[in-house]
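It should be emphasised that the depicted structure is a prediction, and the values quoted were computed from it without experimental measurement. First the proteins, then the strands, lettered A, B, ... as listed; each starts at 1.
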Amino acid sequence: MKNCKRYLVTSALPYANGPVHIGHLAGCYLPADIYVRYLRMKGEDVIFVCGTDEHGVPITIRAKKEGITPQEVVDKYYKQIKVSFEEFGISFDIFTRTSTKVHHDTAQEFFLNLYNKRVFKEEITKQFYDEKAQSFLADRYIIGTCPNCKNENAYGDQCENCGTSLDPSELINPKSTLSGATPVLKETKNWFLPLDDMQDGLKKFIDSRQGWKNNVLGQCNSWITQGLHSRAMTRDLDWGVNVPLKDAEGKVLYVWFDAPIGYISATKEYFEQRNNGRITVTDATVKSEKWESYWKNDESCLIHFIGKDNIVFHCIIFPAMLMAYNEGNTDKFVVPMNVPANEFLNLEGNKISTSRDWAVWLHDYLIDFPNRQDELRYVLTSIAPENKDSDFSWKDFQARVNNEMADIMGNYIKRVIDLVHKYCDGKVPTLNETILLGDDEKFTNDLESTEFSIANSIMEFKFRDGLFTAMDFARKGNQFLAETEPWKLVKTDPDKVDVILFRSLLTCVSLAKFIYPFLPQTSKRILQQLNLNESILSSSEAIINHIKSGNKINASEILFTKITDEEMEFQIKKLADKSVAKSEVTAAEKIKFKEPTTFDEFSKMDIRIGTILEAVKVPKTEKLLKLLIDTGLDKRTVVSGIAEYFKPNEIIGKQVCILANLAPRTIKGIESNGMILMAENSDGELSFMAPTKEMENGAIVR
RNA sequence: GGCGAGGUAGCUCAGAUGGUUAGAGCGCAGGAUUCAUAACCCUGAGGUCAGGGGUUCAACUCCCCUCCUCGCUACCA
């Protein structure tokens with residue numbers, strides 16, 4: 001294991017086209033925060049950076065949809081996301097955005113460095129260009145007639161009518177959605193990062209890493225053994241970081257080129273602001289003086305916290321970029337030491353979906369459960385998808401909060417404080433070392449091994465484990481009280497009660513320290529009740545030395561109130577209602593009719609009734625069935641993408657509608673003649689279109 | 001179909017390089033207790049470790065096959 005003198009910790013840059021939900025939090029913000037808080041507590045030199053990713057096509061689409069500018073979109077979500085993270089105590093040293101000047105400059109410099117070393121391969125391709133708007137068009141910005149189903153509003157990448165995925169050049173009569181003009185094909189040059197040539201270096205990089213998680217390693221090796229391909233690092237688009245070359249007008253850096261550089265520029269910006277006095281350095285856990293100490297120094301360890309969808313970018317592409325930069329440079333960037341990617345968090349058994357509004361949004365949670373951030377932090381850490389996808393349910397949330405946080409830990413703290421008030425006059429009792437409890441040595445060992453074990457868990461990214469170990473310590477505290485029964489002893493041996501309660505107070509303070517990285521708010525509240533200063537958390541002194549006999553402690557207060565059934569029912573209902581409302585909206589959106597057509601146009605379609613004679617699954621495919629259809633006039637083969645919904649033997653003998661005069665097309669080596677007509681609902685479910693009574697094969701549909 | 005990650009008590013999950021009776025928490029049942037948020041504490045029931053083969057003195061742990069879940073990928077005229 002590399003000896004880390006400094007830590008540079010990043011969380012995935014959230015994309016600024018929507019708010020953040022519990023899946024984001026559990027995936028990479030909470031784990032990173034726990035890690036960082038622990039490091040700081042230990043007195044390590046650490047910087048924790050993040051910011052919104054504000055470039056890329058989806059933001060421009062979102063802007064268009066809402067009728068606002070891309071800038072307005074990112075401004076809105078930047079603010080909202082920033083507040084959500086602050087509220088949940090995600091302790092970034094800086095939370096910036098990729099639209100800052102620092103970032104644009106940094107990304108451009110980085111690009112130029114590679115460019116000047118001729119790392120990129122230039123490739124010229126033909127792309128649609130809108131002469132009126134003077135801009136190249138992303139596939140989505142071109143509409144035209146689908147070559148397949150003749151839908152006049154097919155997008156350049158896909159026809160939403162028939163589902164066909166398209167290349168823009170296939171569209172008949174293409175039009176730009178920017179100006180309505182007919183786009184022309186124009187040659188354009190883009191710069192590619194030759195990942196294929198860098199494969200060996202990348203493999204060495206991956207192989208030399210230690211302590212990586214299985215899921216991450218497996219994914220990386222899979223990409224590498226399958227063979228990497230060069231990837232365009234520039235795009236013809238006007239929203240993003242401009243490509244800093246004179247023959248690159250109207251081009252921006254590919255978001256996945258500029259986004260990870262955002263980690264670098266965020267670090268730079270931190271120091272810029274700090275030097276300007278805009279960041280006040282209070283406890284100085286960012287100990288070094290310049291950004292290069294973190295990025296360009298061997299003794300610095302770079303750790304990326306991300307979700308599994310980002311593995312390829314952080315483990316392959318970004319390292320490739322860094323390695324390319326380092327080649328021939330004396331000031332070398334560090335490459336990631338570890339990328340502890342989490343899997344996905346589901347919600348009530350279903351995938352979290354922004355579009356269906358199947359999510360618990362952080363800003364909503366904060367309204368419904370004010371000042372209960374630690375409860376969510378606790379539950380999300382307990383069920384974090386560290387090794388496999390996991391599930392958040394409100395019922396489970398309630399059980400964990402009530403049975404674990406409130407009953408075990410919250411109750412324990414209150415119990416001890418109340419006992420001290422009752423039997424020790426609200427003051428820390430004296431520790432008479434001559435009074436032994438029999439297990440004194442064991443207790444000391446327990447205390448040490450618990451601290452050690454939690455530290456190890458955190459350093460190995462096993463946050464769930466660490467949290468459970470801490471909770472277990474509270475359990476032991478409860479056990480100790482049950483065994484020693486100070487409420488009985490007080491009548492016969494009050495001196496011993498003092499010793500028991502001193503140990504219990506020590507347990508409480510230790511607990512506050514142990515849970516600090518996970519539950520910072522709770523940790524501080526415990527210390528307040530015990531009338532202790534927060535600074536002891538990061539003190540290197542043994543905990544016991546902070547507990548001074550005779551010091552007054554404050555009145556107990558309940559740390560966690562229980563979550564009621566009503567509250568949970570409300571949440572569950574809210575989730576269902578929103579989801580239904582959303583699906584109705586999307587259904588309404590879908591019902592937009594196509595452009596008017598004519599009878600003549602329609603008459604060109606030769607739709608017939610046919611009967612399925614044979615059906616077999618096309619080998620090596622997921623969705624394809626090869627059908628033999630009796631059309632009355634002939635028997636023909638049709639390949640249809642319906643295998644997910646129909647088993648071959650269930651549909652033999654069924655009558656169907658078939659578009660008979662569709663041009664043949666070879667799919668997976670099979671010539672398909674015609675197309676089976678299907679109805680599809682908003683969930684993508686399919687149903688055959690069939691006559692309601694049996695008709696002769698070849699009957700005309702019109 | 002290819003590649004990757006998973007499939008362990010009702011639920012959420014632990015189980016280095018194979019080795020005595022497979023673990024924890026929650027939930028459940030019974031008991032004990034009253035300092036505390038009807039909390040805590042103790043005891044117990046519960047698993048052919050997805051299924052089937054194989055290697056081995058010995059497999060949850062290694063190999064092969066099948067099934068299921070998730071992700072990436074191909075395919076949907």
field: side-chain hydrogen bond (donor to acceptor under 3.5 Å, both in side chains) contacts touching residues 214-225 of chain A (sequence neighbours left out)
entry: Asn215(A)-Glu343(A), Gln219(A)-Trp223(A), Ser222(A)-Gln226(A)

field: salt bridge (Lys or Arg N to Asp or Glu O under 4.0 Å) partners of residues 499-508 of chain A, not counting sequence neighbours, each pair once
entry: Asp439(A)-Arg503(A), Asp440(A)-Arg503(A)

message: Please report the distance, rounded to the nearest Å, between CZ in Arg415(A) and P in A39(B).
response: 13 Å

task: Name the nucleic acid region contacted by Asn387(A), choosing base, sugar-phosphate or nothing; use a 4.0 angstrom heavy-atom cut-off, strictly under.
output: sugar-phosphate

task: Would you please name every residue forming a salt bridge (Lys or Arg N to Asp or Glu O under 4.0 Å) with Lys203(A), sequence neighbours left out?
output: Asp207(A)

query: Does a side-chain N or O from Lys414(A) land closer than 4.0 Å to OP1 or OP2 of C40(B), or not?
result: no

query: Which way is the base of G46(B) turned, syn or anti, if we draw the line at 90° from 0?
result: syn

- prompt: Can you check whether Asn214(A) has a side-chain N or O nearer than 4.0 Å to OP1 or OP2 of G6(B)?
  reply: yes

- prompt: Where along nucleotides 62-70 of chain B does protein come under 4.0 Å, by heavy atom, of base (B) or sugar-phosphate alone (S), with - for untouched nucleotides?
  reply: --------S

query: Out of U12(B), C40(B), C35(B), which nucleotide sits closest to the side chain of Ile383(A)?
result: U12(B)

query: How does RNA chain B read in dot-bracket, base by base from 5' to 3', with Watson-Crick or G-U pairs under 3.5 Å and | used when the partner is on another strand?
result: (((((((..((((.....[...)))).((((.........)))).....(((((..]....))))))))))))....

- prompt: How long is the line joining CG of Asp396(A) and P of G10(B), in whole Å?
  reply: 17 Å

query: Rounded to the Å, how far apart are Asn215(A) CG and G7(B) P?
result: 12 Å

field: Flag if over 12 foreign heavy atoms under 6.0 Å of CE, Met568(A)
entry: yes

task: For nucleotides C72(B) and A59(B), find the distance between their P atoms and express it as a whole number of Å.
output: 39 Å

- request: Return the 5'-most residue of the pair Ala474(A), Leu481(A) with respect to RNA chain B, ranking by each residue's nearest nucleotide.
  value: Leu481(A)

query: Can you check whether Pro336(A) reaches Phe205(A) side chain to side chain, under 4.5 Å on heavy atoms?
result: yes

Atom-to-atom span, CD of Gln479(A) to C1' of G25(B) - whole angstrom: 13 Å

- request: Scan Ser390(A) against the nucleic acid and name what it touches under 4.0 Å (heavy atoms): base, sugar-phosphate only, or nothing.
  value: sugar-phosphate

- prompt: Which listed nucleotide (A5(B), G4(B), C35(B)) is nearest to the side chain of Leu419(A)?
  reply: C35(B)

message: Generate the contact string for nucleotides 26-31 of chain B. Rules: B means base contact, S means sugar-phosphate contact only, - means no protein heavy atom under 4.0 Å.
response: SS----

- prompt: If only side-chain N and O atoms of Arg464(A) are considered, is one of them under 4.0 Å from the OP1 or OP2 phosphate oxygen of A14(B)?
  reply: yes

task: Taking atom NZ of Lys427(A) as the centre, report whether more than 12 heavy atoms of other residues, nucleotides or ligands fall under 6.0 Å from it.
output: no

- request: Write down the distance separating the C1' atoms in C13(B) and C3(B), rounded off to the nearest Å.
  value: 27 Å

- request: Quick one: label Ser640(A) by what it contacts on the DNA or RNA (base, sugar-phosphate, nothing), any heavy atom closer than 4.0 Å.
  value: sugar-phosphate

message: With rounding to the closest Å, how many angstrom separate the C1' atoms on C67(B) and U20(B)?
response: 33 Å

- request: Indicate syn or anti for A32(B), taking the glycosidic torsion and treating anything within 90° of 0 as syn.
  value: anti

message: Between G52(B) and U8(B), how far apart are the two P atoms, rounded to whole Å?
response: 16 Å

task: Using a 4.0 Å heavy-atom cut-off across all strands, classify Val312(A) as base, sugar-phosphate, or nothing.
output: nothing

message: Filter on salt bridge (Lys or Arg N to Asp or Glu O under 4.0 Å), then keep only pairs touching residues 608-619 of chain A, sequence neighbours left out; what's left?
response: Asp606(A)-Arg608(A)

- prompt: What is the distance, rounded to the nearest whole Å, between atom OH of Tyr423(A) and atom P of U34(B)?
  reply: 11 Å

Show me the donor-acceptor pairs, under 3.5 Å and distance only, between side chains in residues 462-473 of chain A and residues at least two apart or in other chains.
unit_1: Arg464(A); atom_1: NH1; unit_2: Ala384(A); atom_2: O; d: 3.0
unit_1: Thr469(A); atom_1: OG1; unit_2: Asp465(A); atom_2: O; d: 2.9
unit_1: Asp472(A); atom_1: OD1; unit_2: Arg475(A); atom_2: NH1; d: 3.3

message: Go through it in stages, so that I can follow the logic: the residues are Phe688(A) and Phe646(A), the test is ring-ring contact (aromatic ring centres under 6.0 Å, His included), and I'd like the CA-CA distance, side-chain angles, deciding distance and then a yes or no.
response: CA-CA 10 Å; Phe688(A) 284 107; Phe646(A) 302 100; 4.6 Å; yes

Polar side chain donor-acceptor pair, Asn342(A) to Lys213(A), under 3.5 angstrom: yes

task: Could you work out which one of C35(B), A14(B), A39(B) sits closest to the side chain of Lys562(A)?
output: A39(B)

- request: Identify whether any heavy atom of Ile558(A) sits under 4.0 Å from a base atom; if not, whether one sits that close to sugar-phosphate; answer base, sugar-phosphate or nothing.
  value: base

query: Taking atom P of U73(B) as reference, at what distance in whole Å does atom CG of Asp309(A) sit?
result: 11 Å

- prompt: Hey, does Asn411(A) reach any base, or is it just sugar-phosphate, or nothing, if we go heavy atoms under 4.0 Å?
  reply: base

field: Min side-chain heavy-atom separation Phe480(A)-Leu437(A) under 4.5 Å
entry: yes

- request: Could you check which residues of residues 485-511 of chain A get a heavy atom under 4.0 Å from RNA chain B? Sort them by number, please.
  value: Trp487(A), Lys488(A)

Those residues that, when tested against Asn402(A), pass side-chain hydrogen bond (donor to acceptor under 3.5 Å, both in side chains) (two or more places apart): none

task: Scan Phe560(A) against the nucleic acid and name what it touches under 4.0 Å (heavy atoms): base, sugar-phosphate only, or nothing.
output: base

Side chains of Leu677(A) and Ile607(A) in contact at under 4.5 Å (non-hydrogen atoms): yes

- request: Assess whether side chain to side chain donor-acceptor pair (under 3.5 Å) is satisfied between Thr631(A) and Asp634(A), documenting all intermediate values.
  value: CA-CA 5 Å; Thr631(A) 63; Asp634(A) 59 15; 2.5 Å; yes

- prompt: What pairs with Lys422(A) under salt bridge (Lys or Arg N to Asp or Glu O under 4.0 Å), at least two apart in sequence or on another chain?
  reply: none

field: Toward the 5' end of RNA chain B, by each residue's nearest nucleotide, Gly218(A) or Lys476(A)
entry: Gly218(A)

field: A36(B) phosphate, OP1 or OP2, under 4.0 Å from Lys422(A) side-chain N/O
entry: yes

message: As a test of reading the structure: which of U12(B), G6(B), C41(B) is closest to the side chain of Arg400(A), going by heavy atoms?
response: U12(B)

task: Decide, yes or no, whether a salt bridge links Lys308(A) with Asp389(A) under the criterion of side-chain N to carboxylate O below 4.0 Å.
output: yes

- request: Only counting residues at least two apart or in another chain, list the ones meeting salt bridge (Lys or Arg N to Asp or Glu O under 4.0 Å) with Glu404(A).
  value: Arg400(A)

message: In whole Å, I'd like the distance from the NZ atom of Lys395(A) to the P atom of G10(B).
response: 15 Å

Pairwise C1' distance, A29(B) and G10(B) [rounded to whole Å]: 14 Å

query: What integer distance in Å separates Leu624(A):CG from G1(B):P?
result: 13 Å

